[in-house]
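All of these numbers come straight from a predicted model, not from anything done at the bench. The figures that follow rest on heavy atoms only: side chains count, while hydrogens, waters and symmetry mates do not. For reference, positions follow the sequence shown, starting with 1. One-based numbering, in listed order, for ligands and for the atoms of each.
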Amino acid sequence: MQQNVAGILQSDKFSQEVHLKGWVRTFRANRFIALNDGSTIKNIQCVIDFEKTDESLLKRITTGAAIAVTGTLVESLGKGQSVEIQVSNIEILGDSNPEKYPIQPKKHSFEFLRENAHLRVRTNTFSAVMRVRSALSFAVHKYFTENGFYNVHTPIITGSDAEGAGEMFQVTTLDLTNPPKKEDGKIDYGQDFFGKETNLTVSGQLEAETYAMALSKVYTFGPTFRAENSNTTRHLAEFWMIEPEVAFNDLDANMDLAEDFIKSVINYVLENCLDDLTFLDKRFAKEESTKPAQQRSEFSLLEKLKFVVDNNFKRVSYTEAIDILRNCKPNKKKKFQYLIDEWGADLQSEHERYLVEKHFKCPVILFDYPANIKAFYMRLNDDGKTVRAMDVLFPGIGEIVGGSQREERYDVLLEKIKTLGIDEKELWWYLELRKFGTAVHSGFGLGFERLVQFTTGMGNIRDVIPFPRTPQNAEF
Ligand code: 4AD
Ligand code: MG
């Protein structure tokens, strides 16, 4: 196998010949190349003998160039590294352009880097974030596999609106300039590719439920799409969601699963990505220090992660939460943008963050929400007005998980679908699950990018996915 920087930095096989390929981060004093190949946040120092190196070649060693080096591994006398490479041969694989290359070795704004999303992963911050993202994704599959779950690939194109929010991207092959029409003037989707109206999925839940009703424990982890026009630091139009669904689990078991799962994947990166997290911890501290004192995080990034792993999430009913919010200072002093005055109010992110960051000071699971602010599939409680919903709220993020126990009673579900005016014909198969061997079951959805945001301490969700899709932006 080709050697990489991560492996060589850990090696103590001095005097051995090594071969490396990577990109020049910096080149100083015509002698010291900082080489990075993405295998680690660290660069390896490659020392060249400029007297023996062609001047025309020296000129081509510039930031961003792709090079191959051969040399011997030696102990380093320089500060900041224990080993370095004494280069015997260097080859330029691909030139850069020192005048035009956007990623110069200096601080760039995230805004600028978003405009250069094809190159931003060549910076320390983005390479660290994307390695952590990859590790988290692996940890997700590891957790579920080790706990007896099956991975189900639910469809990307669907005919149903799982969340009933109507915020969907339509999928069509009809000619938009001249679509076929029915007699009543409406578009004739019978002539569309699938013979019906279809959209990109907002959630794989409904299909995952069908598989849970046979395989008992399943999860889906795929892209989901929402055409909500929210320009916030926590919303994307295309994001990845992890959705486990478990037969015979009630809401308590669902909360246990969510908590155990989140702790497990965060613990995995603490154990396996410490170099990157240490770098991100410093970046986080620097960014926090620029904020006004009251807005600064009390914890460092690493402390936050350890706190989540080591402490129980606080479980609080919606009704208790409303009492707390109604009587809290920012509500009484009218500091909230949306004031809470009665039971039934939908919680905004400012309320969720107050509960987590100011009141409980730990992750919170809110449960038993009013039925009319939640989706149609959630199980109705005996009080007739709340449903077995749960949201996991995280510091700095707000809602990271939304889930519920599902309505498993055919009549109750059908009634709900009718009341909400949802087309029951579209959900015939979903209703049939309640006719044949129905059972209590529960699941949740965790927004993967919000998890990556929390774990890496990045303030904007656009900086934790390679190519963010947001309103008015689908570049790259
Ligand atoms: O709360 P949501 O809408 O729940 C569902 O879609 C359920 N069907 C999940 C289930 O029970 N299987 O979304 C789940 C999570 C949210 O808690 C949030 O973390 C994330 O998905 N999310 C978004 N992340 C980024 N951008 C958006 N626009 C998001 N919308 C939701
Ligand atoms: Mg939600």
If we number the atoms of ligand 1 from 1 as shown, the ones under 4.0 Å from a heavy atom of G447 are 15 (C), 19 (O), 20 (C), 21 (O)
Checking heavy atoms under 4.0 Å, the part of E399 that sits near ligand 1 is both
Q) Are side-chain N/O atoms of E320 and S317 paired as donor and acceptor at under 3.5 Å? A) yes
Contacts of R25 meeting salt bridge (charged side-chain N to carboxylate O under 4.0 Å, His left out) (sequence neighbours excluded), chain-then-number -> none
Among non-hydrogen protein atoms, atom 5 (C) of ligand 1 lies closest to E163 OE2, 3.4 Å
Nearest non-hydrogen protein atom to atom 18 (C) of ligand 1, with distance, is R450 NH1, 3.5 Å
- Task: Would you confirm whether N331, through its side chain, and I340, through its main-chain N or O, come within 3.5 Å as a donor-acceptor pair?
- Result: yes
All N/O donor-acceptor pairs, side-chain side in residues 376-386, below 3.5 Å, sequence neighbours left out:
from: Y377; atom 1: OH; to: E163; atom 2: OE1; distance (Å): 3.2
from: Y377; atom 1: OH; to: E163; atom 2: OE2; distance (Å): 2.8
from: Y377; atom 1: OH; to: Q205; atom 2: OE1; distance (Å): 3.1
from: R379; atom 1: NE; to: E408; atom 2: OE1; distance (Å): 2.8
from: R379; atom 1: NE; to: E408; atom 2: OE2; distance (Å): 3.4
from: R379; atom 1: NH2; to: E408; atom 2: OE2; distance (Å): 3.4
from: N381; atom 1: OD1; to: R388; atom 2: NE; distance (Å): 3.3
from: N381; atom 1: ND2; to: D368; atom 2: OD1; distance (Å): 3.1
from: N381; atom 1: ND2; to: T386; atom 2: OG1; distance (Å): 3.0
from: D383; atom 1: OD1; to: K385; atom 2: N; distance (Å): 2.9
from: D383; atom 1: OD1; to: T386; atom 2: N; distance (Å): 2.9
from: D383; atom 1: OD1; to: T386; atom 2: OG1; distance (Å): 3.1
from: D383; atom 1: OD2; to: T386; atom 2: OG1; distance (Å): 2.6

Paired with F225, the side chain to side chain contact (heavy atoms under 4.5 Å, CB included) test is passed by just one of E238, M168, E167, namely E238
For E228, the atoms of ligand 1 under 4.0 Å from one of its heavy atoms are 27 (C), 28 (N), 30 (N)
Measure the acute angle between the ring planes of F261 and F144, then classify it against the limits of 30° and 60° as parallel, tilted or perpendicular.
parallel
Only one of D192, N199, T198 passes side chain to side chain contact (heavy atoms under 4.5 Å, CB included) with T172, and that residue is D192
Looking only at side chains, do T224 and R226 share a donor and an acceptor under 3.5 Å apart? no
min-distance protein heavy atom vs atom 24 (N) of ligand 1 -> F239 CD1, 3.5 Å
re atom 12 (N) of ligand 1, the protein heavy-atom contact at minimum distance is E243 OE2, 2.7 Å
Per-atom filter on ligand 1: closer than 4.0 angstrom to a heavy atom of S203 are 6 (O), 8 (N)
Side-chain donor-acceptor pair present, N249, N254, cut-off under 3.5 Å:
no
Check: of E245, Q205, R226, R469, min heavy-atom distance to atom 2 (P) of ligand 1 comes from R226
Near R406 (heavy-atom distance under 4.0 Å), the atoms of ligand 1 are 10 (C), 11 (O), 12 (N)
* To do: Verify whether the ring centers belonging to Y219 and H141 lie closer than 6.0 Å.
  => yes
Ranked by distance from atom 26 (N) of ligand 1, the top protein heavy atom is L236 N, 3.0 Å
Note to self: Under 6.0 Å between ring centres: does that hold for F110 and F126?
What the structure shows: yes
Under 4.0 Å from one or more heavy atoms of V401, ligand 1 contributes atoms 17 (O)
A student checking ligand 1 against Y377 at a 4.0 Å heavy-atom cut-off should list atoms 7 (C), 8 (N)
Query raised in the report: Going through the distances and angles, do F221 and F448 end up as a ring pair (Phe, Tyr, Trp, His ring centres under 6.0 Å)?
Result: CA-CA 9 Å; F221 181 5; F448 186 54; 5.0 Å; yes
When distances are taken from atom 19 (O) of ligand 1, the protein heavy atom at minimum range is I400 O, 2.8 Å
- the Mg ion (ligand 2) to nearest N/O/S of E399 less than 2.8 Å: yes
Counting from 1 in the order shown, the ligand 1 atoms closer than 4.0 Å to a non-hydrogen atom of R234 are 25 (C), 26 (N)
So the atoms of ligand 1 within less than 4.0 Å of a heavy atom of G402 turn out to be 1 (O), 9 (C), 10 (C), 11 (O), 17 (O)
Check your understanding: Can you find a non-hydrogen atom of M241 under 4.0 Å from ligand 1?
Key -> yes
closest protein heavy atom to atom 15 (C) of ligand 1 is G445 O, 3.6 Å
